[in-house]
Amino acid sequence: MTKMRRESLIAYGQPLCETVVDCPTPRGSEVLVRIERCGVCHSDLHLQDGYFSLGGDKKLDVSAGRTLPFTLGHEIAGMIESAGEAADGATIGRRVAVYPWIGCGVCPACLGGEENLCANPRHLGVGVDGGYATHVLVPHPRYLLDYTPLSPSFAGMLMCSGLTAYSALKRLVGRPERSPILLVGLGGVGMMGLAIARALFRTPPIVADIDAEKRKAALAAGAAEAHDPADPGTRKAIMSATGGLLSACDFVGSDKSLQFATGLLGRGGKVVVTGLLGGNFSIAAAMFGIKAMTIEGTLTGTLAEARELLDLVRTKNIAPIPTRERPLAEAQAALDELRAGRVVGRTVLSA
Ligand SMILES: [Zn+2]
Ligand SMILES: [Zn+2]
């Protein structure tokens, strides 16, 4: 029996720990993927904590419905190692990115093609064992996407940070481009968003982040301007240069970031929020009408969007964001650095 090695969550709020178990045998439509790379995502920190901060002392408990030890990780690319008898098209040795936002298949969201919004999800690395491991079991080959000629690190990243950014930016495509789009927060998703926005919009985006290193990286990656949202002069500078923005993406999702983004909107402006940092946001209700303002939230993206994104990245030659590879055994160290805010771009674990 082949063994699989995992960096497991054994208790909430505690460091990951190596566990070794027998590799599962795929049955029916299931496919066993030998993992080559798995990206380390900011949401893994919340899952490790067991909760999301909702502002003040309020917490959203996310520890339920998961048996420990559990394997985090949802930005997975690898090679098909074995497949059940009904896994059509799962050729052994095929290199694939794994779409992790797998639903129940029978709820209204799943039937509408939005498995990422499933009422009873089987999301890999969230509710079902994921990619901080040497192997992952995938319920059906339809979740396995070809990614040549991209690298496995980049392909894995595209399944979460890339997909999240793409799905959010898609909601701003087709809006008037009288002013540049604003991207707030330049972590892994924000940097992916910058690369994708350059392919989707005529005007290069302006960006904002409190970290000077990240602003520097964004300018090098093609941002038109990079601002410090904590600088009291920033708002005035952007408002006088643009007269108010029409499109913004908040990749942070905190009270401060959303306050900043909505405060820069002109009439008819829209902010799409994907970040999950936490905090409590409030705004005078009349502002929705007075400013004809929209705030929309998104959560990852659909399987169809994952395919669209892979095509977009290939046809527009979108380059990967800065990436640092570390061995699987350093998963906890990678999470610690991410928590400390010291990561520029993406860290990817190599199994
Ligand atoms: Zn993620
Ligand atoms: Zn469902």
Side-chain angles (χ1 to χ4, degrees), residues 7 16 33-45 72-79 95-100 124-125 130-134 136 145-166 169 183 185-199 205 207 209 211-223 226 251 274-275 300-301 306 309-310 312-314 316-351:
E7 287 297 319
L16 303 182
V33 173
R34 165 103 181 80
I35 298 172
E36 291 182 80
R37 299 288 187 277
C38 182
V40 178
C41 176
H42 203 273
S43 67
D44 294 333
L45 297 176
L72 299 170
H74 51 260
E75 299 194 345
I76 308 166
M79 193 180 282
R95 299 179 79 192
V96 290
V98 181
Y99 174 81
L124 297 180
Y132 289 8
T134 52
V136 67
L145 311 179
D146 291 315
Y147 64 80
T148 44
L150 311 176
S151 72
S153 307
F154 192 28
M157 258 183 261
L158 290 175
M159 295 298 107
C160 176
S161 44
L163 183 59
T164 299
Y166 173 69
L169 290 167
L183 310 178
L186 298 167
V189 183
M191 285 298 283
M192 278 302 317
L194 174 57
I196 295 167
R198 293 191 62 217
V207 301
D209 196 289
D211 184 336
E213 278 297 303
K214 291 178 182 164
R215 292 200 297 274
K216 214 168 96 189
L219 287 172
F251 295 115
T274 71
T300 65
L309 175 60
L310 283 167
L312 181 77
V313 167
R314 281 185 283 229
K316 298 271 188 174
N317 268 320
I318 295 177
I321 63 169
T323 302
R324 177 180 174 198
E325 296 200 353
R326 305 183 71 150
L328 175 60
E330 292 177 14
Q332 184 56 48
L335 287 169
D336 290 341
E337 285 204 348
L338 189 60
R339 195 182 290 273
R342 284 198 301 264
V343 177
V344 172
R346 208 59 160 174
T347 306
V348 175
L349 301 174
S350 144

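In what follows, residues are counted from 1 in the order of the sequence shown.
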Task: Check: Leu194 and Ile321 side chains under 4.5 Å, non-hydrogen atoms - done: no
Open item on the list: Once salt bridge (Lys or Arg N to Asp or Glu O under 4.0 Å) is applied, do any residues pair with Asp211, and if so which ones, sequence neighbours excluded?
Closed with: none
Open item on the list: List the residues meeting salt bridge (Lys or Arg N to Asp or Glu O under 4.0 Å) with Arg198, not counting sequence neighbours, and say none if there are none.
Closed with: none
Who are the side chain to side chain donor-acceptor pair (under 3.5 Å) partners of [X], not counting sequence neighbours?
{"X": "Thr347", "answer": "none"}
{"X": "Ser153", "answer": "Glu325"}
{"X": "Tyr99", "answer": "none"}

- [ ] Please test Met191 against Phe251 for side-chain contact (heavy atoms from CB on, under 4.5 Å), starting from the C-alpha separation and ending with a verdict.
- [x] CA-CA 10 Å; Met191 285 298 283; Phe251 295 115; over 6 Å; no
Look up atom [atom1] in [X] and atom [atom2] in [Y], then write down how far apart they are to the nearest 0.5 Å.
{"X": "Leu186", "Y": "Glu213", "atom1": "CG", "atom2": "CD", "answer": "12.0 Å"}
{"X": "Tyr166", "Y": "Leu310", "atom1": "OH", "atom2": "CG", "answer": "10.5 Å"}
{"X": "His42", "Y": "Arg346", "atom1": "NE2", "atom2": "CZ", "answer": "9.5 Å"}

TODO: For the pair Leu150 and Leu158, evaluate side-chain contact (heavy atoms from CB on, under 4.5 Å) and give the outcome as yes or no after the intermediate values.
DONE: CA-CA 10 Å; Leu150 311 176; Leu158 290 175; 3.8 Å; yes
[X] versus [Y], closest heavy-atom pair with distance:
{"X": "Gly39", "Y": "Tyr132", "result": "O-CE1, 3.9 Å"}
{"X": "Pro152", "Y": "Tyr147", "result": "CB-OH, 3.5 Å"}
{"X": "Met157", "Y": "Val348", "result": "CE-CG2, 4.0 Å"}
{"X": "Leu335", "Y": "Val40", "result": "CD2-CG1, 3.7 Å"}
{"X": "Ile76", "Y": "Gly130", "result": "CD1-C, 4.1 Å"}
{"X": "Cys41", "Y": "Cys160", "result": "SG-SG, 3.9 Å"}

Open item on the list: Listing request: all side-chain hydrogen bond (donor to acceptor under 3.5 Å, both in side chains) pairs with a residue in residues 185-197, at least two apart in sequence or in separate chains.
Closed with: none
TODO: Check for a donor-acceptor pair, side chain of Gln332 on one end and backbone N or O of Leu16 on the other, with a separation under 3.5 Å.
DONE: yes
Open item on the list: Using modelled atom types and a 3.5 Å cut-off, is there a donor and acceptor pairing between side-chain atoms of Arg37 and backbone atoms of Glu75?
Closed with: no
Among all residues two or more places apart in sequence or in another chain, which pass the side chain to side chain contact (heavy atoms under 4.5 Å, CB included) test with [X]?
{"X": "Asp146", "value": "Arg94, Val96"}
{"X": "Ala199", "value": "Lys316, Ile318"}
{"X": "Arg324", "value": "Arg326, Glu337"}
{"X": "Pro100", "value": "His74, Leu124, Met159"}

Which pairs would a plain distance check flag for residues 215-222, meaning a side-chain donor or acceptor within less than 3.5 Å of a matching protein atom at least two apart in sequence or in another chain?
| unit_1 | atom_1 | unit_2 | atom_2 | d |
| --- | --- | --- | --- | --- |
| Arg215 | NH1 | Asp209 | O | 2.8 |
| Arg215 | NH1 | Ile210 | O | 3.4 |

Open item on the list: Out of the candidates Leu328, Val136, Val98, Thr134, only one should pair with Ile35 under the side chain to side chain contact (heavy atoms under 4.5 Å, CB included) rule; please name it.
Closed with: Val136
